[in-house]
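Chain letters run A, B, ... following the sequence lines, proteins first and then strands; every chain starts at 1. Note that this is a predicted model, so its numbers are computed, not measured.
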Number of protein chains: 2
Amino acid sequence: MTEPMIEPANNKKKAKAKVVKRAAGNAEQTKKNILSAAMHEFAEYGDSGARIDRIAARANANKSLIFRYFSNKEALYASALKEAYRQIRMGEEELELEQLEPYEAIRKLMRFTMEHYLKSPWFLRLLATENLRRGQTIENMEGIAGLQSPLITQLTKVLKRGEEMGLFRENVNPSNLYIIIASLFYFPISNVYTLPVVFGVDVGSSEWLEQHLRSSERMILAHLKK
Amino acid sequence: MTEPMIEPANNKKKAKAKVVKRAAGNAEQTKKNILSAAMHEFAEYGDSGARIDRIAARANANKSLIFRYFSNKEALYASALKEAYRQIRMGEEELELEQLEPYEAIRKLMRFTMEHYLKSPWFLRLLATENLRRGQTIENMEGIAGLQSPLITQLTKVLKRGEEMGLFRENVNPSNLYIIIASLFYFPISNVYTLPVVFGVDVGSSEWLEQHLRSSERMILAHLKK
DNA sequence: TTAAGATGTAACTAAGTAGTTAGTTGCAAA
DNA sequence: TTTGCAACTAACTACTTAGTTACATCTTAA
């Protein structure tokens, strides 16, 4: 039992029209609270460092509810990881590259990527944790297909249009391009605590980040140019 | 009985001139074994997941020796992190960019960086762990000055020479350039378990990596060009 | 009102886990 | 042989933690 247990409560929808309200509180809301608390906890402390008691406290729920709804710590972690991806992908869908002029679209994608990472440090932390686990969980996760980034679809169209307009060179692989763009922001943002010590550069400051964005834009656009 | 019991039998070696051997083993060697085992353990399981008992077992040492030599788990982690940086920096010093022609030097630096990450995954894992800890340990570490990457010194000279030769544009910041180069390899290598799921790209294969290196070289060199 | 199931809680347990302690062993100098 | 000491060890302690259980309370339907 990895996840679901959808609507365990309202089993009697039998007769009438009645807004079915669950007995003694609201199970769905409790589950959401637990999931949200779990995301925070696993992002903050990693898989081994996360504590069920803290999750319960943060969710205003009792520990045994966690086990009732999510079976065990591992399954809760899996649910939290999946929910994290779901939320991130939802954010990505808001981006509308397709109407923009190709150069502008790439610039917007880059700024969006940077700001996305800055706004969701918990997501980067979960990613780091899952890779430290060697992808143990994501590999066996059902419904991973839905995790595919919607950015790639949009980027594919932008590249095609840019190519047709004679702006971009041919055969640019959208996934590889996006990996390069993501790389440029993932590294400084996820290593914000160690890089200043090692390179003496304050990669967390908005000045550095803005300058890095401008520099990266120039580099990527030149790289795409026909 | 955890494991060892080194030489329980030959208790009377009294006789003559003998190479001075310390009582029942060798403290320095034991310390090294513990440190090496700790690096492995913390890289593998993270800070919370690491287990003192496993470190003791791997080092063929008794648990209480760990506390005698390293005080506590946190201090052991700090020692392991510092040793990890020391080893990585030693490897970096072998790189000799200064005699090479500027373009060639940049190419060599890029390949070296990629291969360095591939050869030392435990270092990337320790970095990820330390950033999950928000740099708690590296910030309070004595002797961090010695951690500064020797690559920056070499790169500075390469850039200066390239500029004088009219090959590179002016005022390229060496640290920022190196951060870009490191980014391009850090992201795919440290996310090798999640990226294939999300982008359907096998970023761990040598084919992908070689192609990524070539593509990155072109991009970086164009970006540096006058 | 009551039955029954859904929802919630505190107390408990079994298995770890970091750190300590009291003592043993091996070596070399006196 | 004796003594001093550093290296080493097994067993233990105090505490934490995932997971369980027995029980209480709430909601709805009959």
Side-chain angles (χ1 to χ4, degrees), chain A residues 1 5-34 37-38 41-42 45-57 59-78 80, chain B residues 1-34 37-38 41-42 45-57 59-78:
Chain A
M1 199 215 276
M5 233 188 190
I6 301 156
E7 320 188 359
N10 45 355
N11 52 349
K12 251 119 205 183
K13 215 163 225 167
K14 350 179 67 180
K16 296 288 116 70
K18 202 49 211 220
V19 181
V20 182
K21 209 181 152 195
R22 277 163 249 54
N26 187 333
E28 285 310 311
Q29 189 56 48
T30 302
K31 276 188 214 173
K32 277 181 196 160
N33 291 346
I34 292 172
E41 179 75 10
F42 283 114
Y45 298 100
D47 54 344
S48 306
R51 294 290 170 260
I52 297 283
D53 287 283
R54 272 198 301 251
I55 294 172
N60 281 323
N62 187 277
K63 202 159 68 140
S64 75
L65 288 179
I66 293 178
F67 292 101
R68 182 169 305 168
Y69 295 144
F70 296 95
S71 301
N72 55 47
K73 193 184 179 184
E74 183 119 351
L76 177 59
Y77 169 79
Chain B
M1 196 219 279
T2 345
E3 171 71 15
M5 238 183 189
I6 302 156
E7 321 186 0
N10 47 353
N11 50 350
K12 248 97 202 199
K13 215 161 221 166
K14 13 179 45 189
K16 289 292 122 67
K18 227 6 222 255
V19 182
V20 181
K21 210 181 150 193
R22 276 169 249 53
N26 184 331
E28 283 312 309
Q29 188 56 50
T30 302
K31 275 186 214 174
K32 277 181 195 160
N33 292 346
I34 291 171
E41 179 75 9
F42 283 114
Y45 298 100
D47 54 343
S48 306
R51 294 290 170 259
I52 297 284
D53 288 283
R54 271 198 302 250
I55 294 172
N60 281 322
N62 187 278
K63 195 159 68 143
S64 75
L65 289 178
I66 293 179
F67 292 100
R68 182 178 306 256
Y69 294 143
F70 295 94
S71 302
N72 55 46
K73 192 183 179 185
E74 183 118 349
L76 177 59
Y77 168 78

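Straight-line distance from the CZ atom of F67(B) to the P atom of dC8(D): 17 Å, rounded to whole Å. One interatomic measurement links the two molecules: NZ of K31(A) to P of dA6(C), which rounds to 12 Å at whole-angstrom precision. Here the P atom of nucleotide dA6(C) and the CD atom of E28(A) are 13 Å apart, to the nearest Å. As rounded to whole Å, 10 Å separates atom P of dA18(D) from atom CD1 of I66(A). Per the geometry, CG belonging to N26(B) stands 21 Å off P belonging to dC5(D), to the nearest Å. Computed from coordinates, the I52(A) CD1 to dT17(D) P distance equals 11 Å when rounded to whole Å. D53(B) places its CG atom 11 Å from the P atom of dG16(C), with the value rounded to the nearest Å. Nucleotide dC8(D) holds its P atom 6 Å from the CG atom of L65(B), rounded to whole Å.
In this structure, CG in D53(A) is found 9.5 Å from CD in E41(A), a value given to the nearest 0.5 Å. One distance of note links OH of Y69(B) with CG of N33(B); it measures 10.5 Å at 0.5 Å rounding.
Within 3.5 Å, a donor on the side chain of K63(B) pairs with an acceptor on the base of dG19(C), or the reverse. For dT9(D), its base sits under 3.5 Å from the side chain of S64(B) at one donor and acceptor pair at least. Applying the 3.5 Å distance criterion, the base of dG16(C) shares no donor-acceptor pair with the side chain of R51(B).
A pairwise comparison of heavy atoms in K73(B) and F42(B) identifies O-CZ, 4.0 Å as the closest pair. Residues I55(A) and I34(A) share a closest heavy-atom pair of CG2-O, 3.9 Å.
Remark: N62(B) is in phosphate contact with dA10(D), judged by side-chain N or O atoms under 4.0 Å from OP1 or OP2. A sub-4.0 Å separation between OP1 or OP2 of dA6(C) and a side-chain N or O of Y69(A) is absent.
As judged by a 4.0 angstrom heavy-atom cut-off over every strand, A56(A) is placed among residues making no nucleic acid contact.
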Task: Trace of the side-chain contact (heavy atoms from CB on, under 4.5 Å) decision for L76(B) with F67(B) - done: CA-CA 9 Å; L76(B) 177 59; F67(B) 292 100; over 6 Å; no
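Each of dG19(C), dG19(D), dG8(C) was ranked by its minimum atom distance to the side chain of T30(A); first place goes to dG8(C).
Positionally, the nearest nucleotide of DNA chain C for K73(B) lies more toward the 5' end than for the other of K73(B) and R68(B).
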